[in-house]
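Since the structure comes first, as structure tokens, the remarks are kept for the end.
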Amino acid sequence: MNTGYRIIIADDHPLFRNALLQAVTLAVSDAELIEVDTIDALMQRLTEVDDVDLLLLDLKMPGASGFSGLAQLRHEYPELPVVMVSASEEPAVVQQAMRFGALGFIPKSAPMPTLVSALNTILEGDPWFPEGVSLEQAPEDNIAERLASLTPQQFKVLIMLSEGKLNKQIAYELNVSEATVKAHVTAIFRKLDVKNRTQAVIALSQTGHQQD
DNA sequence: GCCGGGGTTGATGCGCGTTT
DNA sequence: AAACGCGCATCAACCCCGGC
């Protein structure tokens, strides 16, 4: 049994937040638990508290589609241990979480004992991912594979493309020049094997990363 | 023809792992 | 430890195209 951790649970679904809460309570005694239900609230909390030992982050949250939340977090808080929680168990999704630097990946379908042991493993500092998923994945040559090859920054850009934003707007939001955004966009095209932003957005939408 | 948006290319600097 | 290579992010200069 671990003790004395500060843990943030970020999930927009109250029922599942409770389930996670329960699992954490079983795995950790004397933990300080913080619950948030939006990305904005999460970001706000992160500016208020430090020394967060673990963040349980839902893959699909209001204010972030797909991995944009994780990408943003890794960018702003590289040291923060993040565990993805998701309804999806697709290997490509899990691998993407790995690529984005998640410490673990917990499927929502996992039974409570699994949840607890996963949490314990992660709190010990070891990664925990579902069975049968490894970094040396079987090459599947599908869109999900190609999406998984994007860097976090490129993924953020792609998310914003899917929101219909102009290069100029993306540049402003990422605090970089428009030229940089264009370079990212071109790199995304190359990795996704598409010719323009429209096709890139279509490719993204075909793998369940579409907007809420 | 000018302007604005999209897209391409080459250069630069950085971090990181590998080689020597 | 130094050199090296690699991927990434960043950027400017440039081209293409369509609307006004």
Problem - Within-4.5 Å side-chain heavy-atom neighbours: Leu59(A) and Val85(A) - result: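 A side-chain contact is absent here, since even the closest heavy-atom pair is not under 4.5 Å.
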Practice task
Flag the pair Leu174(A) / Met160(A) as yes when at least one side-chain heavy-atom distance between them is below 4.5 Å, and no otherwise.
Solution key: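 They are in contact (side-chain heavy atoms under 4.5 Å apart), so the answer is yes.
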Rounded to the nearest angstrom, tell me the gap between atom [atom1] in [X] and atom [atom2] in [N].
X: Gln153(A); N: dG15(B); atom1: CD; atom2: C1'; answer: 16 Å
X: Lys195(A); N: dC16(C); atom1: NZ; atom2: P; answer: 18 Å
X: Asn167(A); N: dT10(C); atom1: CG; atom2: C1'; answer: 15 Å
X: Leu161(A); N: dG6(B); atom1: CG; atom2: P; answer: 9 Å
X: Leu166(A); N: dC3(B); atom1: CG; atom2: P; answer: 19 Å
X: Asn196(A); N: dC17(C); atom1: CG; atom2: C1'; answer: 14 Å
X: His184(A); N: dG7(B); atom1: NE2; atom2: C1'; answer: 15 Å
X: Glu178(A); N: dG5(B); atom1: CD; atom2: P; answer: 7 Å

Exercise for the section: Counting heavy atoms from C-beta on, name the nucleotide in dC11(C), dG6(B), dC8(C) closest to the side chain of Lys191(A). Expected result: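 Selected nucleotide: dC8(C).
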Exercise for the section: Just call it for Gln154(A): base, sugar-phosphate, or nothing, with non-hydrogen atoms closer than 4.0 Å on any strand. Expected result: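 Sugar-phosphate, no base atom in range.
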Exercise for the section: Quick one: label Thr151(A) by what it contacts on the DNA or RNA (base, sugar-phosphate, nothing), any heavy atom closer than 4.0 Å. Expected result: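 Sugar-phosphate, no base atom in range.
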Exercise for the section: Please determine if Glu178(A) and Lys168(A) form a salt bridge, counting it only when a charged side-chain N lies under 4.0 Å from a carboxylate O. Expected result: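 Here Glu178(A) does not pair with Lys168(A) in a salt bridge, since their nearest N and O are not under 4.0 Å apart.
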Exercise for the section: Salt-bridge test for Lys165(A) and Glu173(A): reply yes if a basic N is under 4.0 Å from a carboxylate O, no otherwise. Expected result: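 Result for this pair is yes, salt bridge flagged.
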Problem - Test side chain to side chain contact (heavy atoms under 4.5 Å, CB included) applied to Leu119(A) and Ile7(A), step by step - result: CA-CA 11 Å; Leu119(A) 283 173; Ile7(A) 299 174; over 6 Å; no
Handout entry: Presence of Lys182(A) side-chain N/O under 4.0 Å of dC11(C) phosphate oxygens OP1/OP2
Key =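 Answer is no, no contact under 4.0 Å.
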Handout entry: Under-4.0 Å side-chain N/O to phosphate OP1/OP2 contact, Thr180(A) with dC11(C)
Key =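 So the side chain of Thr180(A) is within the cut-off, an N or O lying under 4.0 Å from OP1 or OP2 of dC11(C).
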Exercise for the section: Please list residues of residues 169-177 of chain A whose heavy atoms come under 4.0 Å from any atom in DNA chain C, ordered by number; otherwise none. Expected result: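 Listed by number, they are Val176(A), Ser177(A).
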Exercise for the section: Mind running side chain to side chain contact (heavy atoms under 4.5 Å, CB included) on Leu57(A) and Ile9(A) for me, showing each step along the way? Expected result: CA-CA 6 Å; Leu57(A) 177 65; Ile9(A) 297 176; over 6 Å; no
Practice task
Sort out for me which residue in His13(A), Met84(A), Lys108(A) forms a side chain to side chain contact (heavy atoms under 4.5 Å, CB included) with Asp58(A).
Solution key: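 Checked His13(A), Met84(A), Lys108(A) against Asp58(A); only one passes side chain to side chain contact (heavy atoms under 4.5 Å, CB included): Lys108(A).
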